[in-house]
Amino acid sequence: MSRKKKNRSQAFRAAPSALAEKSPPLEGPPPPRSASPARSPILVEKGSPLWIIGLIVLVILLVYSNSFTGPFLFDDDQAIMKNYSIEHLWPPWAPLDPPCFLTVGGRPLLNLSFAINYAINGRSGTWSYHALNVLVHILAGLTLLGVLRRTFLQPVLRARFGSAALPLAVAATLLWMLDPLQTECVAYISQRAEALMGLCYLLTIYCFIRATEPQTIDPRRWFFLAVLSCTAGAAFKEIIITAPVMVLLYDRTFVTGTFLQAWRRRWRFYLVLAVSCWLVFIYGVQDIKGYDNAEYRIVEICLAAPIVVFLFDGVFFAGTFLPALRRRWGLYLVLAVSCWLFVAYGVQDTKGHENPQGRIVGYQFGVTGWDYALTECPAIVHYLALMVWPHPLIIDYGLTTFHIRHEDSIDYAILVFPDLIANHALLDAITVVVLLAATLVALVRWPLIGFAGAWFFLILAPTSSFIPIVVSPQGEHRLYLPLLAFLVPLVLVLRHFLGTRFWFPVIALCAVYGVLTFLRNEDYSTDVNFWKVAISQEPGNARAHNNYGVTLLGAKRPAEAAAQFQEATTIQHNYADAHYNWGNATAELGHYQEAVTHYQVALQQKPTLASAQNNWGNVLSAMGPEHYQEATVHYLMALQLDPNNVQFHYNLGHSYLLLNKLPEALEQFNEALQINPNLAVAHNTRGIVYFQMGAKQQAIEEFQEALRLDPNLQQARDNLNKVEAPAQPTGTGVNKSNTK
């Protein structure tokens, strides 16, 4: 092997730490493992015994055994209940292209995981959803075990902690997995996104560690898996965009000793890691900003494809970029020209595409980056307190943590400067700035301490810094990974002062954590209990009162629900959603005029609230035939606000049917079924239209299709029997479906 080829191969292999070995590596072949008495302890430590892995799995299953029957809660309504893209696993691109207006927008692999659960038990049960959440948490814990054990065996920690690497790793892993702070990511189905991202984050670091170990024969394989894990994580949740920076910090802190050496040895790896992760992130951001247009996604993929292929070739196959270009320049030329020509064509159709405001970022509500950063400081201080002791745990912190300078907010409560002083926000801001400065100093002078601080602040940065997250300014699920910044040093401190007796406080703390987690799962046991607990924790949380009312309304308790909506609007007078839901409750009670009044108020506060227009139409339909025409007007207005809403098309079609406008009704049912071909009630009602238009055979086919999709749809069964029966006297037509 030539020297040039040898050096090229070593570009991917980690050299011994600069803290442990100052001389350059020899050019000769590595000595046989059996002939090296000074080999790394990693070679001696073969791995975690199976009984330890089994114990961890058993403990977690016991602690979360009461979470498997929990219902769909909060964001599960959008991620699962209203998400028609998860209803089929084939073709595969259907679940990988979630609707941008739902919480799964821009997160294709997360949506695919929900589709897998839907294939197992649909929406009639939740056990498979919870089982997958627990499985992800277990896999993340076992990955963490591998990361910690190998980290404690790195040269910079080996002398002090290498002999107890496995016990220390097990202790920290158990504390992390059992901490009650993690219940939100495990017991609450939608927060699977955080756990899956955390798993990929840890896998990225684990694969990097394996690639940089001296005994690794083919490090490129592990580097490739690290890139793959990081890229997959971006398709679960965007927070993983910080992973390339954390891997670089890990390299500098535990492997090479300096940023310069880490960058020189592995700059190509970091380049591919960052580019792959950020490309998926950009794709997701375009999705959640509202680009519900496949051409935009095609443009992004086509622009990125030649670059990504070239980077992967140069890093993982050819060894360097120049040979990759020399050997396969024709491929790259054809790939680039064909893709970019297609982009040029596609851009012509997307220039006029309307860019709706993002559903996540809150700049459109008058929240600036500095406002959000200032009001996130109390949240960060609160997170630090919860890491020390996880109490009180709050299900929903509400929407009242913004400091808004402009009085143009629609849905979000306003905190002005005096409120910030009264709530010690400025003091918290000073505390956070001091801790950030201390982290930067520690990264230079005490890298191990600095790494722990950077782990906490960097992972929180995408959600707790300058980008306003309007739907969730504060949440305990964000501590899923940052929690390690406290627990791992805690275990090391206990080991330092107590020696082998450190297990006594660790076991006691694990027992306490396990009991608290088991009890915490009960808060997620029913949707009514979920929001009842939320109100008891935060009585001034308007959103909690509103959502508690929604669950009461779903439980057929409209009077109690109306009281909760009234309380929500008392706390936050400009809360359009609460006024809208209050209208729904009064409509259930039969107070139609009062319901119309609440819909009017909701639309004054939020003119884009399409559901208020739709339900206003429903109320008018319920008031009698003399209001059918007016109801049609409101359905049309709802569709103007949300043209792709299948329910709005269905209701408009039903209204046309009541007015005996059969061609218009048929057109709307066709639109509804084009959006969601599996809507059984739409097939049933389209059958009614066909029957009244004299197309008996088509009506029969529609009723049969409705029964195939929903065998329990009694209206479709009755209609099919009447159509197939002998001719009956006039006036005995098929049953018409109800407006929803």
Side-chain angles (χ1 to χ4, degrees), residues 41-69 127-128 130-153 157 161-187 192 194-196 198-203 205-206 209-210 387 390 479-481 483-484 486-496 498-522:
I42 296 178
L43 298 179
V44 178
E45 187 71 40
K46 293 295 182 183
S48 305
L50 289 178
W51 71 268
I52 292 180
I53 296 175
L55 176 64
I56 292 174
V57 173
L58 179 61
V59 168
I60 298 304
L61 288 177
L62 287 174
V63 167
Y64 283 99
S65 60
N66 61 335
S67 71
F68 286 81
T69 58
W127 70 265
S128 72
H130 287 292
L132 186 53
N133 277 29
V134 174
L135 176 61
V136 169
H137 188 51
I138 290 173
L139 292 175
L142 296 180
T143 305
L144 174 64
L145 178 64
V147 168
L148 292 177
R149 185 180 71 84
R150 292 176 181 274
T151 299
F152 294 144
L153 291 171
L157 294 175
F161 301 112
S163 60
L166 182 58
L168 289 171
V170 171
T173 299
L174 279 173
L175 287 174
W176 179 77
M177 297 182 74
L178 292 172
D179 196 303
L181 272 171
Q182 309 292 43
T183 51
E184 189 170 325
C185 292
V186 183
R192 173 189 305 174
E194 193 83 25
L196 283 167
L199 171 60
C200 292
Y201 208 116
L202 294 170
L203 278 173
I205 296 177
Y206 178 80
I209 296 172
R210 294 298 303 268
M387 288 163 62
L479 291 176
Y480 189 72
L481 287 179
L483 181 60
L484 291 168
F486 169 74
L487 292 179
V488 175
L490 173 65
V491 170
L492 295 181
V493 168
L494 291 175
R495 167 69 182 182
H496 176 75
L498 299 179
T500 56
R501 292 177 297 174
F502 84 99
W503 269 112
F504 292 107
V506 167
I507 292 174
L509 192 55
C510 283
V512 173
Y513 278 0
V515 172
L516 291 178
T517 297
F518 187 86
L519 295 175
R520 177 64 171 169
N521 292 334
E522 293 298 322

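Keep in mind that this is a model prediction, so the values were computed, not measured.
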Give, for atom [atom1] of [X] and atom [atom2] of [Y], the distance between the pair rounded to the nearest 0.5 Å.
{"X": "Phe518", "Y": "Thr183", "atom1": "CZ", "atom2": "OG1", "answer": "13.0 Å"}
{"X": "Tyr201", "Y": "Leu481", "atom1": "OH", "atom2": "CG", "answer": "7.5 Å"}
{"X": "Ile60", "Y": "Leu55", "atom1": "CD1", "atom2": "CG", "answer": "9.5 Å"}
{"X": "Leu142", "Y": "Ile52", "atom1": "CG", "atom2": "CD1", "answer": "11.0 Å"}
{"X": "Thr173", "Y": "Leu487", "atom1": "OG1", "atom2": "CG", "answer": "10.0 Å"}
{"X": "Asn66", "Y": "Asn521", "atom1": "CG", "atom2": "CG", "answer": "4.5 Å"}

Worksheet item: Which residues pass the salt bridge (Lys or Arg N to Asp or Glu O under 4.0 Å) test with Arg210, sequence neighbours left out?
Response: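 Arg210: salt bridge (Lys or Arg N to Asp or Glu O under 4.0 Å) contacts with Glu213.
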Worksheet item: Excluding sequence neighbours, so at least two apart, what forms salt bridge (Lys or Arg N to Asp or Glu O under 4.0 Å) with Glu194?
Response: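 So Glu194 forms a salt bridge (Lys or Arg N to Asp or Glu O under 4.0 Å) with Lys237.
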Kindly indicate whether the side chain of [X], heavy atoms from C-beta on, has any atom under 4.5 Å from the side chain of [Y].
{"X": "Leu492", "Y": "Leu168", "value": "yes"}
{"X": "Leu61", "Y": "Ile138", "value": "yes"}
{"X": "Val186", "Y": "Arg192", "value": "no"}
{"X": "Pro49", "Y": "Leu166", "value": "yes"}

Discussion item. Per the side-chain hydrogen bond (donor to acceptor under 3.5 Å, both in side chains) rule, what does the pair list look like for residues 137-148, sequence neighbours excluded?
Written reply: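 Checked against side-chain hydrogen bond (donor to acceptor under 3.5 Å, both in side chains) - neighbours excluded - the pairs reaching residues 137-148 are His137-Tyr480.
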For the residue pair [X] and [Y], what are the closest heavy atoms and their distance?
{"X": "Val491", "Y": "Ala171", "value": "CG1-CB, 4.1 Å"}
{"X": "Ala140", "Y": "Leu202", "value": "O-CD1, 3.5 Å"}
{"X": "Val59", "Y": "Leu178", "value": "CG1-CD2, 3.7 Å"}
{"X": "Asn133", "Y": "Cys185", "value": "ND2-O, 3.9 Å"}
{"X": "Val134", "Y": "Ser67", "value": "CG2-OG, 4.3 Å"}
{"X": "Ala172", "Y": "Val488", "value": "CB-CG2, 4.2 Å"}

Worksheet entry | Set of residues satisfying side chain to side chain donor-acceptor pair (under 3.5 Å) with respect to Arg520, sequence neighbours excluded |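 Expected list: Asp523.
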Item to complete: Evaluate side-chain contact (heavy atoms from CB on, under 4.5 Å) for Met387 paired with Leu479, printing each intermediate quantity in order.
Response: CA-CA 8 Å; Met387 288 163 62; Leu479 291 176; 4.2 Å; yes
Practice prompt. May I have the step-by-step check of side-chain contact (heavy atoms from CB on, under 4.5 Å) for Leu516 and Asp179, ending in yes or no?
Written response: CA-CA 8 Å; Leu516 291 178; Asp179 196 303; over 6 Å; no
Practice prompt. Applying side-chain contact (heavy atoms from CB on, under 4.5 Å), run through Phe502 and Val493 and close with a yes or a no.
Written response: CA-CA 9 Å; Phe502 84 99; Val493 168; over 6 Å; no
Side chains of residues 503-513: which donor-acceptor pairs under 3.5 Å do they make with residues two or more places apart or in other chains?
none

Worksheet entry | Pairing residues for Ala169 by the side chain to side chain contact (heavy atoms under 4.5 Å, CB included) criterion, not counting sequence neighbours |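 Here the qualifying residues are Leu145, Leu148, Arg149, Phe152.
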Discussion item. Determine whether Met177 and Tyr64 satisfy the following criterion, side-chain contact (heavy atoms from CB on, under 4.5 Å), listing intermediate values before the conclusion.
Written reply: CA-CA 11 Å; Met177 297 182 74; Tyr64 283 99; over 6 Å; no
